[in-house]
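What you see below is based on every heavy atom in this structure, not just the backbone, and it leaves out hydrogens, waters and symmetry mates. Just so it is clear, the structure is predicted and the values come from calculations on it, not from any experiment.
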Amino acid sequence: TSSLEAGTHVVWMEVTDEVGATCSRSIILNVGSAPSVSITSPEAGTIINAGEALTFAGLVSDEEDSATDIVVEWSSSIAGTLGPSTPSAVGLVDITVEDLAAGTHTITLTATDMDGESASTTLDIIVNGLPSAPVVDITPDTPAIGDDLVAAITTDSEDPEAGTVTYSYVWEVDGAATDITDSTVPASETSGGEVWTVTATAHDEYGMGASASDSVTINNAPTCSFDS
């Protein structure tokens, strides 16, 4: 019967026939209990960026079996089976997972004891999808001395969650980093013959996404002379 509590039970059966004669038998029945299981970290609702590693930790125990005899399995509602864990002597378990797909994952920790009794617990985490690379162009595309260089986003990044996307800029001149982080390089910073490169990186609320670059060469101003 499913109403028996965990522990040792003496089950007694007695039969009486039509003339009042009786016969009885008893057995000792040990009823096991399911393991105790909990996820201790991370906190529910934790947000990570796609591609980041995340370690899940938990605690398992059982009234009849030692912790090391408990079979532990981790799974995700999106990724499926994540893998097993071997409990320590005190029941500590953990697993590190990389490359979880973007979305809300329900993480399940399941523990099964030697009698086949199992228990599980769940935790939701969010994997943030990062923005795609934009298309960036430097204008003018054939600059001359005296022209400002302007990095223009001609095709916006796409954010998987349709969040707000912002852009950061890094400029290099002849392969060397500069301290310019604006979208515009003033003409006063450039000289003829230099090769300028801008790298534009997309960001959402939680992290840095993909990047794209463009380069131009500063044309030397023509030299004019007059014959006397």
Side-chain angles (χ1 to χ4, degrees), residues 41-56 74-80 82 95-107 122-224:
S41 70
E43 294 183 356
T46 290
I47 299 174
I48 64 168
N49 291 316
E52 293 179 351
L54 183 61
T55 297
F56 298 97
W74 297 87
S75 63
S76 158
S77 57
I78 295 177
L82 299 178
I95 190 171
T96 299
V97 182
E98 299 180 359
D99 298 328
L100 288 174
T104 299
H105 293 249
T106 298
I107 303 299
T122 62
L123 173 81
D124 286 348
I125 61 118
I126 298 170
V127 179
N128 174 58
L130 294 169
S132 62
V135 175
V136 60
D137 292 319
I138 299 175
T139 58
D141 56 359
T142 55
I145 293 174
D147 289 332
D148 292 340
L149 304 180
V150 179
I153 302 297
T154 55
T155 301
D156 280 316
S157 300
E158 295 184 1
D159 185 69
E161 293 81 25
T164 300
V165 177
T166 59
Y167 303 98
S168 62
Y169 302 91
V170 174
W171 290 86
E172 296 180 352
V173 56
D174 294 333
T178 74
D179 58 1
I180 300 172
T181 57
D182 197 0
S183 61
T184 300
V185 175
S188 59
E189 297 289 334
T190 68
S191 299
E194 292 176 337
V195 177
W196 281 82
T197 301
V198 66
T199 299
T201 302
H203 302 256
D204 66 9
E205 181 182 359
Y206 300 107
M208 181 174 65
S211 302
S213 299
D214 189 32
S215 298
V216 294
T217 300
I218 309 297
N219 294 323
N220 287 302
T223 301
C224 298

Just distance, no hydrogens or angles: give the donor-acceptor pairs under 3.5 Å from side chains in residues 199-213, sequence neighbours left out.
residue, atom, partner, partner atom, Å
Thr199, OG1, Ser213, OG, 2.8
Thr201, OG1, Ser211, OG, 2.6
His203, NE2, Ser168, OG, 2.8
Asp204, OD1, Asn128, ND2, 3.4
Asp204, OD1, Tyr206, N, 2.9
Asp204, OD1, Gly207, N, 2.9
Asp204, OD2, Asn128, ND2, 2.8

In a table with atom names and distances, give each donor-acceptor pair under 3.5 Å that connects a side chain of residues 184-191 to protein atoms at least two apart or in another chain.
residue, atom, partner, partner atom, Å
Thr190, OG1, Ala187, O, 3.0

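For the atom pair Asp156 CG and Asp159 CG, the distance stands at 11.5 Å (nearest 0.5 Å). Between the CD1 atom in Ile145 and the CG atom in Asn220 there is a gap of 5.0 Å [rounded to 0.5 Å]. Atom CD1 of Ile107 and atom CG of Leu123 lie 7.0 Å apart (nearest 0.5 Å). Here the CG atom belonging to Leu82 is positioned 12.5 Å from the CD atom belonging to Glu98, to the nearest 0.5 angstrom. Rounding to the nearest 0.5 angstrom, the gap separating the CG atom in Leu100 from the CG atom in Leu54 is 7.0 Å.
The two residues Ile153 and Pro134 come nearest to each other via the heavy atoms CG2-CB, 4.1 Å. Contact detail for Ser183 and Trp171: the closest heavy-atom pair is O-CZ2, 3.5 Å. When all heavy atoms are compared, the tightest approach of Glu43 to Ile125 is O-CG2, 4.5 Å. Shortest non-hydrogen contact noted between Ile78 and Ala101 is CG2-CB, 4.4 Å.
The side-chain hydrogen bond (donor to acceptor under 3.5 Å, both in side chains) test applied to Thr197 returns Ser215, not counting sequence neighbours. Scanning for side-chain hydrogen bond (donor to acceptor under 3.5 Å, both in side chains) contacts around Trp74 gives Ser85, with sequence neighbours left out. Remark: Ala102 engages Glu161 in a side chain to side chain contact (heavy atoms under 4.5 Å, CB included) (not counting sequence neighbours).
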Item to check | Test side-chain hydrogen bond (donor to acceptor under 3.5 Å, both in side chains) applied to His105 and Ser76, step by step | outcome: CA-CA 6 Å; His105 293 249; Ser76 158; 2.8 Å; yes
Next on the checklist: Walk me through whether Ile48 and Val127 qualify under side-chain contact (heavy atoms from CB on, under 4.5 Å).
Outcome noted: CA-CA 5 Å; Ile48 64 168; Val127 179; 4.1 Å; yes
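Side chains of Pro42 and Phe56 form a contact here, defined as non-hydrogen atoms less than 4.5 Å apart.
For Glu194, the CD atom counts as densely surrounded, since its 6.0 Å shell holds more than 12 non-hydrogen atoms of other residues, nucleotides or ligands.
A donor-acceptor contact shorter than 3.5 Å is absent between the side chain of Tyr169 and the backbone of Ile180. With hydrogens and angles ignored, the 3.5 Å screen pairs no side-chain donor or acceptor of Ser132 with any backbone N or O of Ser157. Of the possible donor and acceptor atoms, none in the side chain of Trp196 sits under 3.5 Å from a partner among the backbone N and O of Asp174.
For the side chain to side chain contact (heavy atoms under 4.5 Å, CB included) criterion with Val198, the lone passing option out of Leu149, Ile138, Val170, Val150 is Ile138.
Residues Thr106 and Thr122 bring no donor and acceptor atom of their side chains to less than 3.5 Å of each other. No hydrogens or angles considered: nothing links the side chains of Thr104 and Asp124 as a donor-acceptor pair under 3.5 Å.
Residue pairs that meet the side-chain hydrogen bond (donor to acceptor under 3.5 Å, both in side chains) test with at least one member in residues 134-151, sequence neighbours left out, are Asp137-Thr154.
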